[in-house]
Amino acid sequence: MATLAGDLWFGLRSLRANPAFTAIAVASLALGIGANTAIFSLVDQLLLWSVPAREPQRLARVEGGRSGTYPFYRQYRDRNSVFSGLAASSEPVASGLRPEGASSVEVGRVTYVSGNFFGTLGLGAAAGRVIAAADDGAGAPPVAVLAYDYWQQRFAGDLRVVGRKLAVNGYPLAIVGVAEPGFGGLSPTARPAAFLPLSAYPLTTPGAISMWNTPGMFWLTEIGRLKPGVSLGQAQAALRVLWPRAVDAINEGAARNGGRPRKYDKEAPISLAPAAHGTASGPTGAMDPLAALLFATGLVLLIACANVANLLLARANGRRREMAMRAALGATRGRLLRQLLTESLLLAGLGGLYALALACAAVPLLAGANLVDAGLRFHLSPRVAAFSLGATVLTALLFGLAPALRSSRLGLAEAIKDGGSSTAGGSRLRLGKAVIALQVALSLALLVGAGLFLRTLRNLNHADIGFQKENVVIFDIDPSKLGYQGQRLREFYDNLLA
């Protein structure tokens with residue numbers, strides 16, 4: 001321990017004695033490690049994220065077999081024997097929100113969930129209660145559960161909000177609770193403002209009254225919790241056996257209401273997928289840009305390592321006498337090597353600390369440039385922290401090992417000669433040239449890739465899209481959600497255009 005403390009003390013003194021060298025090396029390493037940490041933070045949130053639920057490894061997502069429709073969801077929920085609970089939720093839906101007492105309508109997103117959604121996931125409430133089965137039925141009083149982040153941002157964590165009203169698209173719902181911290185749905189980028197029962201969907205979206213409860217509207221994601229001892233394959237086989245019974249039940253209901261039965265013979269078969277990662281599991285559209293960014297930032301890190309290694313080689317040339325005198329006073333080559341690697345670790349550690357600040361600023365910049373989801377922020381999870389620490393140690397070895405081996409091999413007789421022996425000087429020169437060649441090669445590869453990327457952006461920017469795009473704004477509006485239909489809807493658009 002005393003030896004380690006001594007190495008750190010001498011290392012710090014050595015770095016303080018050369019502030020210009022230290023500043024350049026730390027800046028280079030901070031850029032390389034910070035860029036990689038920022039991109040890995042995105043990978044962690046988008047691809048490695050797990051649903052913050054109880055025993056997420058037992059969750060399974062139901063796909064195919066019209067599982068995205070409300071009638072078939074109810075059949076699978078009520079008739080299956082392989083899930084202890086089968087829940088459903090919608091994607092976050094853009095809506096007009098107006099908390100009780102607010103002077104204007106806010107634009108936000110809400111997620112509609114089944115009454116057993118929170119129970120199936122094993123989640124509770126930070127305040128009040130969550131949506132229960134009694135809330136998700138015909139005639140049930142309309143309720144809402146706020147997302148924790150929205151509660152903190154909009155209401156500053158005020159507990160008195162429970163019991164007040166939240167109008168969604170003009171329809172008032174009673175706020176009964178606040179969801180657990182850290183939970184925003186089945187996707188890391190969902191971030192809804194509130195959760196509403198499925199039965200509230202036709203109330204807040206009058207334009208969907210005729211469609212939401214039909215086999216033709218796909219709007220749900222089904223997540224089930226496997227019973228103990230039931231495998232994914234067994235559950236899938238059981239649901240496929242259940243499929244014809246569900247079809248018969250749906251057709252019988254349609255016949256009772258005067259509708260026509262359907263065969264559903266061209267439907268995709270029911271399949272189950274692990275749902276520990278929610279709807280973020282499997283290949284996503286984010287994978288290609290993330291892979292490109294990871295490759296680019298990896299090159300940046302290698303260039304930074306080559307740059308610092310070259311600086312260390314140049315610095316080692318001025319420390320030859322120091323290393324030789326230490327050896328003459330009894331320091332073994334292993335002791336000198338450890339001292340030099342300690343200095344490299346100190347440099348990398350300082351670079352790693354600044355890298356975290358750089359990564360924290362880089363992720364919002366990427367989000368602001370529409371390269372990733374606008375809601376993403378830097379998140380220092382245990383995986384990101386381990387990656388940053390591993391990158392720091394690996395970087396220290398990459399740029400520090402070769403210069404340390406070279407510096408610790410110099411003898412006293414060689415050092416006291418003016419300029420050292422020609423053999424050693426030639427060897428150092430060859431190593432320095434090799435590092436410079438590597439740095440130039442990596443920089444050239446990165447420059448060519450950046451040039452191709454910029455040329456692609458330029459071509460896209462100058463593409464003829466058939467109209468003048470300057471000063472053009474695109475926005476969405478759906479008056480049907482508020483019940484506008486027929487002549488009233490046409491008059492609304494006429495007034496809007498006027």
Side-chain angles (χ1 to χ4, degrees), residues 22-50 188-189 280 283-312 341 344-373 375-403 435 438-454:
T22 303
I24 294 173
V26 168
S28 299
L29 295 173
L31 177 63
I33 299 174
N36 282 270
T37 302
I39 301 305
F40 185 80
S41 173
L42 298 177
V43 172
D44 180 55
Q45 293 179 70
L46 294 174
L47 304 179
L48 303 179
W49 175 86
S50 294
T189 59
T284 68
M287 192 60 200
D288 288 342
L290 282 179
L293 287 172
L294 274 174
F295 178 76
T297 54
L299 287 181
V300 170
L301 181 58
L302 290 176
I303 292 170
C305 289
N307 184 46
V308 177
N310 212 20
L311 289 173
L312 285 175
L341 286 177
S344 297
L345 282 171
L346 284 172
L347 276 176
L350 290 172
L353 290 176
Y354 285 105
L356 291 178
L358 183 63
C360 187
V363 174
L365 288 177
L366 290 173
N370 293 324
L371 295 176
V372 295
D373 187 271
L376 289 174
R377 291 295 181 267
F378 178 72
H379 179 57
L380 189 61
S381 68
R383 280 189 297 265
V384 174
F387 174 85
S388 182
L389 179 61
T392 299
V393 175
L394 179 61
T395 299
L397 294 176
L398 282 175
F399 73 75
L401 190 57
V435 172
L438 175 64
Q439 188 175 357
V440 170
L442 293 173
S443 300
L444 184 61
L446 188 62
L447 187 62
V448 170
L452 293 174
F453 178 71
L454 290 175

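As the structure is a prediction and not an experimental result, all values here were calculated from the model.
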(message) Does Leu452 form a side-chain contact (heavy atoms from CB on, under 4.5 Å) with Val448? I'd like the steps, not just the answer.
(response) CA-CA 6 Å; Leu452 293 174; Val448 170; 4.2 Å; yes

(request) Please confirm whether the backbone N or O of Ser388 pairs with a side-chain atom of Thr392, one donor and one acceptor, at under 3.5 Å? (result) yes

(message) How long is the straight-line distance from CG of Leu397 back to CG of Leu345, given to the nearest 0.5 Å?
(response) 6.5 Å

(request) Using the test side-chain hydrogen bond (donor to acceptor under 3.5 Å, both in side chains), find all partners of Thr22 that sit at least two apart in sequence or belong to another chain. (result) none

(message) Taking the side chain as everything from C-beta on, heavy atoms only, tell me whether Thr297 gets closer than 4.5 Å to Phe40.
(response) no

(request) Can you measure from OG (Ser28) to CG (Leu347) and round to the nearest 0.5 angstrom? (result) 10.0 Å

(request) Check Ile33 against Ala391 and note the closest heavy-atom contact, atom names and distance. (result) CG2-CB, 4.4 Å

(request) Search all heavy atoms of Gly34 against all heavy atoms of Ala355 and return the closest pair with its distance. (result) N-CB, 3.3 Å

(request) Measure the spacing between CG of Leu42 and CH2 of Trp49 and express it to the nearest 0.5 Å. (result) 15.5 Å

(request) Output the distance between atom CG (Asn307) and atom CG (Leu29), rounded to the nearest 0.5 Å. (result) 8.5 Å

(message) Under the salt bridge (Lys or Arg N to Asp or Glu O under 4.0 Å) definition, can you give me all pairs with a residue in residues 33-48, not counting sequence neighbours?
(response) Asp44-Arg383

(request) Kindly write out the residues that satisfy ring-ring contact (aromatic ring centres under 6.0 Å, His included) with Tyr354, not counting sequence neighbours, or none if the list is empty. (result) none

(message) Would you compute the distance between atom OG of Ser443 and atom CG of Leu302 and round it to the nearest 0.5 angstrom?
(response) 10.5 Å

(request) Calculate, to the nearest 0.5 Å, the distance between atoms CG and OG1 belonging to Leu301 and Thr395 respectively. (result) 4.0 Å

